[in-house]
Amino acid sequence: MGTKEKNDVVRVNLTELQGSNAAGLSSPPQASQTPQGSAGPQVGFSSPAGFEMLQRAAKMLSSGTIFPERFRNNIGDCAIVVDMALRLSASPLFVAQNLYVVYGSPAWSSKFLIGLWNSCGRYSAIRYEFSGTEGQDDWGCVAKSKEWATGEELVGPLVTLSLAKKEGWFEKRGSKWQTMPALMLRYRAATFLINTVAPELGMGIRTVEEAEDIGE
């Protein structure tokens, strides 16, 4: 390989695309560094050089067989995945595996959003408390956690089967509320807690379950 060809090799490595935590949530993303350690352009949309690096990373990822099939040969979507991974200090693969398109809009898996909360270092892992009679309209769940900095207990809104029915989630064709109500109660309770206390974790993006329930 000639010198010019070597210079054209993609120089975006995993340390430029994720934080130090394997789950990608230990600290906010820092400015990218050159291999020599001196300050270099930040990968992203903020500068021509950073945008060029973003495109190269996206092109590389879009050609990989380990990347989810929905992103293969789609450089544009892969660029967005890389940008979101940088903002979350997460692995691009981690983000891509949990990002879906529902009714034309991006949506996180609920597991991913819960994982963001549990791993961010600001709160304890989410706990779930059920009330009411299982299978009946009053059967419900609340999500609880603790803020480490203040010791405050955080309690999300109560989600019940009655609420799911009134909102029209339960009756939707193919709804998992009918087949896996306990899981859906947990997912929705956790989502309510996260959206209420720390909406920045999900970057304003709905979960797959929310998007399917709303149907928009």
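Just so it is clear, the model here is predicted, and its values are computed rather than measured.
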Q) Between Trp108 (side chain) and Gly202 (backbone), is there a donor-acceptor pair under 3.5 Å? A) yes
Q. Does NZ or CZ of Arg72 come closer than 6.0 Å to the centre of the six-membered ring of Phe67, within 45° of the ring's axis?
A. no
Q. What is the distance from atom CG of Asn73 to atom SG of Cys78, rounded to the nearest 0.5 Å?
A. 8.5 Å
Q: Would you please indicate if the ring centroids of Trp139 and Phe130 are separated by under 6.0 Å?
A: yes
Q | Test item: side-chain donor near acceptor, Asn98 and Ser109, under 3.5 Å | A | yes
Q: State whether the number of non-hydrogen atoms from other residues, nucleotides or ligands found under 6.0 Å of Glu69 atom CD is greater than 12.
A: no
Q. Does some side-chain heavy atom of Lys146 sit less than 4.5 Å from a side-chain heavy atom of Leu154?
A. no
Q) Can a salt bridge be assigned to the pair Glu209 and Lys172 using a cut-off of 4.0 Å between side-chain N and carboxylate O? A) no
Q) Quick one: do Arg186 and Glu129 make a salt bridge, cutoff under 4.0 Å? A) no
Q) Shared ILVMFWY cluster between Ile75 and Leu86, side chains joined below 4.5 angstrom? A) no
(Q) Applying a strict under-4.5 Å side-chain criterion to I, L, V, M, F, W and Y, I'd like to know whether Ile126 and Tyr123 cluster together. (A) yes
**Q.** Arg56 and Leu54, any side-chain heavy atoms less than 4.5 Å apart
**A.** no
(Q) With a 4.5 Å cut-off on side-chain heavy atoms, are Val102 and Arg206 touching? (A) no
Q. Does the side chain of Trp169 reach to within under 4.5 Å of the side chain of Gln178, using non-hydrogen atoms?
A. no
(Q) Is there a side-chain contact between Asp137 and Thr160 in this structure, where contact means two heavy atoms from C-beta onward sitting under 4.5 Å apart? (A) no
Q. How are the rings of Phe94 and Phe112 set relative to one another: parallel (under 30°), tilted (30 to 60°) or perpendicular (over 60°)?
A. tilted
(Q) Holding to ring pair (Phe, Tyr, Trp, His ring centres under 6.0 Å), I want the full list of residues that pass it with Tyr128, two or more places apart in sequence or in another chain. (A) none
Q | Val155/Glu153 under side chain to side chain contact (heavy atoms under 4.5 Å, CB included): CA gap, chis, key distance, verdict | A | CA-CA 7 Å; Val155 182; Glu153 184 179 36; 4.2 Å; yes
(Q) Side chains of Val208 and Ser110, heavy atoms from C-beta outward: is any pair under 4.5 Å? (A) no
Q: Check side-chain hydrogen bond (donor to acceptor under 3.5 Å, both in side chains) between Thr207 and all other residues, then give those that pass, not counting sequence neighbours.
A: Glu210
Q) Within the distance-only criterion (no hydrogens, no angle test), does the side chain of Asp83 pair as donor or acceptor with the backbone N or O of Phe45 below 3.5 angstrom? A) no
Q. If you round to the nearest 0.5 Å, how far is OG of Ser145 from CZ of Arg122?
A. 10.5 Å
**Q.** Thr191 vs Val159 side-chain heavy atoms within contact, under 4.5 Å
**A.** no
Q. Would you find a donor on one side and an acceptor on the other, under 3.5 Å apart, between the side chain of Ser62 and the backbone of Ala58?
A. yes
Q: Give the cluster check for Tyr100 versus Tyr103: same hydrophobic cluster or not, with ILVMFWY residues linked at side-chain heavy-atom distances below 4.5 Å.
A: yes
Q) Going by an N to O cut-off under 4.0 Å, is there a salt bridge joining Asp213 and Arg188? A) yes
Q: Check whether any side-chain N or O of Trp117 sits under 3.5 Å from a backbone N or O of Ser124 as a donor-acceptor pair, and report yes or no.
A: yes
Q. In terms of hydrophobic clustering (I, L, V, M, F, W, Y; side-chain heavy atoms under 4.5 Å; direct or indirect links), are Phe71 and Met203 co-clustered?
A. yes
**Q.** Side-chain heavy-atom pair Ile194, Pro199 within 4.5 angstrom cut-off
**A.** no
(Q) Would you say that more than 12 heavy atoms from the other residues, nucleotides or ligands in this model lie under 6.0 Å from the NZ of Lys165, or not? (A) yes
